[in-house]
**Q** 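Take a look at the following structure, please.
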Number of protein chains: 2
Amino acid sequence: MARRRQSVTIKHVAADAGVSLQTVSRVINNEPNVRPEMKKRVQDSIDKLGYVPSIAAQRMSGSRSYLILAINDRARTIADWQARLGTDWVDQMLLGGMLASGERGYRMLVELVDTHNDHVERELSAAIAALQPDGVILTPPHSDNPLITGLLAKRNIPFARIGSKAAGPGIAMTMGDEHLAAIATDHLIELGHRRIGFIAGPDDYSLADWRIDGWRGAMERAGFDANGLCERGDFGFESGLAAARSLLDLPDPPTAIIASSDQMAVATLEVARADGLSVPDDLSLISFDNTPIVRFTEPPMTALDQPIAATTAKAVELLIDGEPRTGDEEPIVMEGSLVVRGSTGRVPQRAVN
Amino acid sequence: MARRRQSVTIKHVAADAGVSLQTVSRVINNEPNVRPEMKKRVQDSIDKLGYVPSIAAQRMSGSRSYLILAINDRARTIADWQARLGTDWVDQMLLGGMLASGERGYRMLVELVDTHNDHVERELSAAIAALQPDGVILTPPHSDNPLITGLLAKRNIPFARIGSKAAGPGIAMTMGDEHLAAIATDHLIELGHRRIGFIAGPDDYSLADWRIDGWRGAMERAGFDANGLCERGDFGFESGLAAARSLLDLPDPPTAIIASSDQMAVATLEVARADGLSVPDDLSLISFDNTPIVRFTEPPMTALDQPIAATTAKAVELLIDGEPRTGDEEPIVMEGSLVVRGSTGRVPQRAVN
DNA sequence: CTGAAAGCGCTAACAA
DNA sequence: TTGTTAGCGCTTTCAG
């Protein structure tokens, strides 16, 4: 293949405008100390020639790479893509992240990294060495992985931790998991429910526990007993089946269940149906996540919506425009909301009697 | 922000192994003319130091950028992401493209470009100048845009055109649209249908017309009249509503409809329901695309599955490993298949009588 | 088979 | 305010 060189370089612009390379560079980077007339002259040449700086060259000379890396868990992401169940986490990240990056002249690159793997560090180091991103966005369960955060901190690369509240390097961001779980619980309590079950996520996701806290807190505030009403899943369908089974087989089963993922919620719906329970007449159901499929279930699912696009956009904004951080600021909370659909209703009468 | 430099460079490796930079470079790029013992010595140093070449530097020195650009239509892609209807085209591209790229040491970057816009060229030129990708993957409706293909050809950048059969520069790839439409039509014919309607896509997508050809061809082979049974939509839900309305309001309405997108199929389902028609008892329905939502409709939809991931992976493979092309080879066809679910059934009796 | 030198396009540091 | 110089980390010449 023919050796492809940049067609229009800073040299061409400099020659065309009759100035030095440095002046062109200053105009490109919007640096001060350029007379307006000079600036205009250079800008005209840039427009005329259609010049766009090579990010490779910019990166080389020690400046920025104009690249943001969005890192997701490899196994889970691939599984979601292959299953084609409509999980749109990555899409929402792209929606928020690509647009926010683009507005600032940056690109966002999705990178998959294995968490449960002894060479997480090597994998990440390689990506960083190859790409030299100006910022990294971590998603659960990477956000709290000290191997990852430590490496990034050591390399002095700004990063955001979505779904992490811990202090330390990197921008901690959450979508208000505890609060969301509480909102959902309160919604059910208002509908008269007192036995509200909870299907939690796996404990390597710290947000899984915050959600439990939110639910338990709301239960306690209302004076209801939450003991024995929490089961763990792994966010996947199968685990949801098992968790729902346990909950519904209880001697005094819950009249409502909150599931920490849409897949587990759909699984619960299935178990309920198998047991001859009508949703929402016999059992109310709320799902965390608000992915496309929950609108197509029968009945459509009441769900907790998480602002993934907005959170990613905010992360990009802070990474690029943000002030350097001290490391002990409060986590940034992007609040989600409850979308009420057809899977929640008043507590069944027999349960009240 | 502190100036971040590469932590381990080719120099460190060369020093550690006691060889010249050039020899290290040769090992990295797997070039010949390096004695095995030399190669091993260098490789050991690379592993020991955890060295990974900077792609910026590699690109700078006139070699490759290790970047593949996947270009999608901006407006449609953003609309799909915002609508959250489960369209997973981009995900499937990432699934196939990222993995195939990754295996070869490349990255795939998603780029959104406006088609209906007078500065398509400028937009694309800018992306190319900034990123200098080693290959570009075009998706409809960009694949047949001469402004785009011409620019890429002029710049001598290898590219694939997904959903394009035209001769000329770039690798033409299709998912067998005509054949797929014919398969769907034949399936319906076997079920006894003779009046089979077709809802086509917009004519700036050339695959929209191939699908019409496939349907019409199958109808003709079976000796059925296809006239007046084809309506155009724009792939979106609203347009599907209108198209389905026209078809079902015909004096002699079709007993089966094939829609060129899942959204238009879902819309047709809705119109049918509004008319009191049962699917599949009164009306059979087949959807192009096989996105997640069609599995959750009532009934689940029989759909034509398009191997987007496989096609993208193949594109990456050809772009990176492929021989230079002459420009007049046959299009590469990645055949899809019909997934039979619950929306297709035997023709209603009254239609046969 | 291996090495030394030059340069890719850009910016940082300094000089004018 | 502007220009000059020296690299950034790598690959491409071209010598040895």
**Q** Can you tell which of B:Arg41, B:Lys40, B:Lys48 makes a salt bridge (Lys or Arg N to Asp or Glu O under 4.0 Å) with B:Asp44?
**A** B:Lys40

**Q** For A:Glu31 and C:dC10, give me the distance from atom CD to atom C1', rounded to whole Å.
**A** 12 Å

**Q** Which residues in residues 9-18 of chain A have a heavy atom closer than 4.0 Å to any atom of DNA chain D?
**A** none

**Q** In whole angstroms, how far is the P atom of D:dT11 from the CG atom of B:Asn33?
**A** 16 Å

**Q** Is the shortest side-chain N/O distance from B:Thr23 to OP1 or OP2 of C:dG3 below 4.0 Å?
**A** yes

**Q** For C:dT11, does either OP1 or OP2 sit under 4.0 Å from a side-chain N or O belonging to A:Ser25?
**A** yes

**Q** Just to be sure I understand the rule, does B:Val34 reach a base, reach only the sugar-phosphate, or reach nothing, if contact means heavy atoms closer than 4.0 Å?
**A** sugar-phosphate

**Q** Could you check whether B:Ser54 and A:Gln132, counting side-chain N and O atoms only, form a donor-acceptor pair closer than 3.5 Å?
**A** yes

**Q** Determine, for B:Glu330 against B:Lys165, whether the closest basic-nitrogen to carboxylate-oxygen distance falls under 4.0 angstrom.
**A** no

**Q** Atom CD of B:Gln58 and atom C1' of C:dC8: how far apart are they, to the nearest Å?
**A** 13 Å

**Q** Considering non-hydrogen atoms only, spot the tightest contact between A:Trp89 and A:Ile308 and give its length.
**A** CE3-CD1, 3.4 Å

**Q** Round to the nearest Å and state the distance from B:Asn29 atom CG to D:dT12 atom P.
**A** 7 Å

**Q** May I ask you to check whether A:Asp144 and A:Ser164 show a side-chain donor-acceptor distance below 3.5 Å?
**A** yes

**Q** Within this structure, what is the CG-to-C1' distance between B:Leu21 and D:dC8, rounded to whole angstrom?
**A** 13 Å

**Q** Whole angstrom is fine here: how far is it from CG in A:Asn30 over to P in C:dT11?
**A** 12 Å

**Q** Check whether the side chain of B:Arg26 and the base of C:dG3 form a donor-acceptor pair under 3.5 Å.
**A** yes

**Q** Take A:Thr77 and A:Asn72 through the side-chain hydrogen bond (donor to acceptor under 3.5 Å, both in side chains) test and state the conclusion after the steps.
**A** CA-CA 7 Å; A:Thr77 303; A:Asn72 283 279; 4.7 Å; no

**Q** Of the residues in residues 37-54 of chain A, which ones touch DNA chain D at a heavy-atom distance under 4.0 Å?
**A** A:Met38

**Q** For the residue pair B:Tyr66 and B:Arg64, confirm or rule out a side-chain donor-acceptor distance under 3.5 Å.
**A** yes

**Q** Of the nucleotides C:dT11, C:dG3, D:dT4, which one has an atom closest to the side chain of A:Ser20?
**A** D:dT4

**Q** Closest-nucleotide mapping onto DNA chain D: is B:Ala56 or B:Gln22 further toward the 5' terminus? I mean the 5' end.
**A** B:Ala56

**Q** Kindly compute the distance separating CD (A:Glu111) from CD1 (A:Ile71), expressed to the nearest 0.5 Å.
**A** 6.5 Å

**Q** Output the rounded distance in Å from CE (B:Met60) to P (C:dC8).
**A** 8 Å

**Q** Are any of the side-chain heavy atoms of A:Leu151 and A:Arg155 separated by less than 4.5 Å?
**A** yes

**Q** Rounded to the Å, how far apart are A:Arg59 CZ and C:dC8 C1'?
**A** 17 Å

